[in-house]
Amino acid sequence: MELQIANALRMVSESFPFVIEETVQPQLYGERTVSFAEPLRVEGTYVFDGKAITVTATVTTVLNSVCARCAEPFREPFSFGMEERFVRDAILTEDDDEEIYPYESDRLLLDKAVMDNLYLQLPSVSVCREDCKGLCPVCGIDRNKGICTCEQGEPEGPFAVLSKIKF
């Protein structure tokens with residue numbers, strides 16, 4: 001994802017709109033693989049303030065997710081906002097904030113900033129729908145598709161209260 005910023009570097013405080021759509025390959029994030037069902041769309045503005053370029057954008061896509069309750073795959077709409085600063089690589093100092101991204105010449109590479117923000121915004125668990133009934137803990141049947149005849153007594157033990165937590 002690349003922005004040509006030559007005009008912004010000549011026009012201080014002028015805002016420039018942009019839209020970038022890019023297909024992204026599956027990304028490994030920790031123990032999780034983030035898979036994209038649709039291209040990543042980044043829409044926003046950038047402005048040069050005399051020292052740095054500030055990019056403000058909304059990122060939207062659809063993720064290939066697996067429900068934490070029923071283990072079924074589903075398509076999860078996903079969007080988030082971001083605002084990041086880019087400073088010419090040559091003038092970055094050790095005292096600068098780590099949240100500043102470098103750029104060279106007259107182009108910004110947004111890939112790292114977008115993916116950093118995406119990882120921070122990922123839900124810890126994904127659920128196919130709010131009323132998902134999940135899997136039977138005894139026989140494993142998907143309760144959304146059928147009814148099991150297992151006895152569902154209250155769990156016992158010191159961690160029984162944890163069974164009431166919904167994902």
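Numbering starts at 1 and runs along the sequence shown. As the structure is a computational prediction, the values presented were derived from the model and not from experiment.
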Enquirer: In Å and rounded to the nearest 0.5 Å, what is the CG to CG distance from Asp106 to Asn7?
Expert: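 Between Asp106 CG and Asn7 CG, I get 9.5 Å after rounding to 0.5 Å.
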Enquirer: Within this structure, what is the CE-CG distance for the pair Met115 and Leu120, rounded to the nearest 0.5 Å?
Expert: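 The CE atom of Met115 sits 11.0 Å away from the CG atom of Leu120.
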Enquirer: Would you mind reporting whether Cys70 and Cys128 have side-chain heavy atoms less than 4.5 Å apart?
Expert: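 Contact flag for Cys128/Cys70 side chains = yes.
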Enquirer: Report the C-alpha separation of Leu63 and Arg75 in whole Å, then their side-chain angles, then the decisive distance to 0.1 Å, and conclude whether the side chain to side chain contact (heavy atoms under 4.5 Å, CB included) test is met.
Expert: CA-CA 6 Å; Leu63 302 175; Arg75 293 169 50 102; over 6 Å; no
Enquirer: Any side-chain donor paired with an acceptor under 3.5 Å for Gln25 and Gln27?
Expert: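 Not at all, the side chains of Gln25 and Gln27 share no donor-acceptor pair under 3.5 Å.
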Enquirer: Yes or no on side chain to side chain contact (heavy atoms under 4.5 Å, CB included) for Ile5 and Phe48, after CA distance, side-chain angles and deciding distance?
Expert: CA-CA 9 Å; Ile5 58 168; Phe48 181 59; over 6 Å; no
Enquirer: Test of understanding: clusters of I, L, V, M, F, W, Y form through side-chain heavy atoms closer than 4.5 Å, transitively. Do Val125 and Phe74 belong to the same one?
Expert: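 They do not share one cluster, since no chain of ILVMFWY contacts under 4.5 Å joins Val125 to Phe74.
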Enquirer: Can you classify the ring geometry of Phe18 versus Tyr46 as parallel (below 30°), tilted (30 to 60°) or perpendicular (above 60°)?
Expert: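 Rings of Phe18 and Tyr46: tilted, as their planes differ by 30° to 60°.
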Enquirer: For the aromatic rings, using the six-membered ring if either is Trp, is the centroid distance between Tyr101 and Phe86 under 6.0 Å?
Expert: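 Ring-ring flag for Tyr101/Phe86: true, centres closer than 6.0 Å.
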Enquirer: Group every Ile, Leu, Val, Met, Phe, Trp and Tyr by side-chain heavy-atom contacts under 4.5 Å, then state whether Leu109 and Phe16 land in the same group.
Expert: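 Hydrophobic grouping puts Leu109 apart from Phe16.
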Enquirer: Looking at CG of Leu110 and CG of Asp116, how far apart are the two atoms once the value is rounded to the nearest 0.5 Å?
Expert: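 One gets 11.5 Å once the value is rounded to the nearest 0.5 Å.
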Enquirer: Would you please say whether a donor-acceptor pair under 3.5 Å links the side chains of Asn144 and Arg69?
Expert: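 No, no side-chain donor-acceptor contact under 3.5 Å.
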Enquirer: Let me confirm one number: the CG-SG distance from Leu135 to Cys67, rounded to the nearest 0.5 Å.
Expert: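 Here the interatomic distance stands at 8.5 Å.
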Enquirer: Would you say the side chains of Glu76 and Ser126 form a donor-acceptor pair under 3.5 Å?
Expert: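 Per modelled atom types, Glu76 and Ser126 side chains form a pair under 3.5 Å.
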Enquirer: Starting at CD of Glu84, measure out to OG1 of Thr56 and round the result to the nearest 0.5 Å.
Expert: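 It is 9.5 Å, given to the nearest 0.5 Å.
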Enquirer: Can you tell whether the side chains of Lys51 and Asp49 come within less than 4.0 Å, N to carboxylate O?
Expert: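 Here Lys51 does not pair with Asp49 in a salt bridge, since their nearest N and O are not under 4.0 Å apart.
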Enquirer: Below 4.0 angstrom, N of the basic side chain to O of the carboxylate: do Lys145 and Glu72 qualify?
Expert: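 Here Lys145 pairs with Glu72 in a salt bridge, since their nearest N and O are under 4.0 Å apart.
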Enquirer: Salt bridge (charged side-chain N to carboxylate O under 4.0 Å, His left out), that's the test. Do Lys133 and Asp142 meet it? Break it down for me.
Expert: CA-CA 8 Å; Lys133 297 175 185 171; Asp142 184 345; over 6 Å; no
Enquirer: Same cluster for Val66 and Phe36 if Ile/Leu/Val/Met/Phe/Trp/Tyr side chains link at under 4.5 Å?
Expert: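 Different clusters.
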Enquirer: Starting from Met1, can I reach Phe80 by hopping between I/L/V/M/F/W/Y residues whose side chains sit under 4.5 Å apart?
Expert: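 In one cluster: yes.
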Enquirer: Kindly give the heavy-atom pair with the smallest separation between Pro39 and Thr61, and that separation in Å.
Expert: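 Result for this residue pair: O-OG1, 3.3 Å.
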Enquirer: Hey, does Val34 have a side-chain heavy atom less than 4.5 Å from the side chain of Asn64?
Expert: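 No, every pair of side-chain atoms sits at 4.5 Å or beyond.
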Enquirer: To the nearest 0.5 Å, how far apart are CZ in Arg41 and CD1 in Ile20?
Expert: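 So the gap between those two atoms works out to 10.5 Å.
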Enquirer: Could you walk me through whether Ile141 and Ile147 pass the side chain to side chain contact (heavy atoms under 4.5 Å, CB included) check?
Expert: CA-CA 8 Å; Ile141 191 171; Ile147 300 172; over 6 Å; no
Enquirer: Could you walk me through whether Val59 and Asn117 pass side chain to side chain contact (heavy atoms under 4.5 Å, CB included), step by step?
Expert: CA-CA 9 Å; Val59 181; Asn117 278 276; over 6 Å; no
Enquirer: Can you check whether Glu21 reaches Glu38 side chain to side chain, under 4.5 Å on heavy atoms?
Expert: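 The answer is no, as the side chains (C-beta and beyond) never meet within the 4.5 Å cut-off.
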Enquirer: Just one of Leu122, Thr60, Val62 clears the side chain to side chain contact (heavy atoms under 4.5 Å, CB included) bar with Phe78, so which one?
Expert: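 Checked Leu122, Thr60, Val62 against Phe78; only one passes side chain to side chain contact (heavy atoms under 4.5 Å, CB included): Leu122.
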Enquirer: If you count every heavy atom of other residues, nucleotides or ligands that lies below 6.0 Å from Leu28 atom CG, does the total exceed 12?
Expert: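 Enclosed: over 12 neighbouring heavy atoms sit under 6.0 Å from CG of Leu28.
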Enquirer: Under 3.5 Å, is there a donor-acceptor pair between the side chain of Thr54 and the main chain of Val47?
Expert: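 No; zero donor-acceptor contacts below 3.5 Å.
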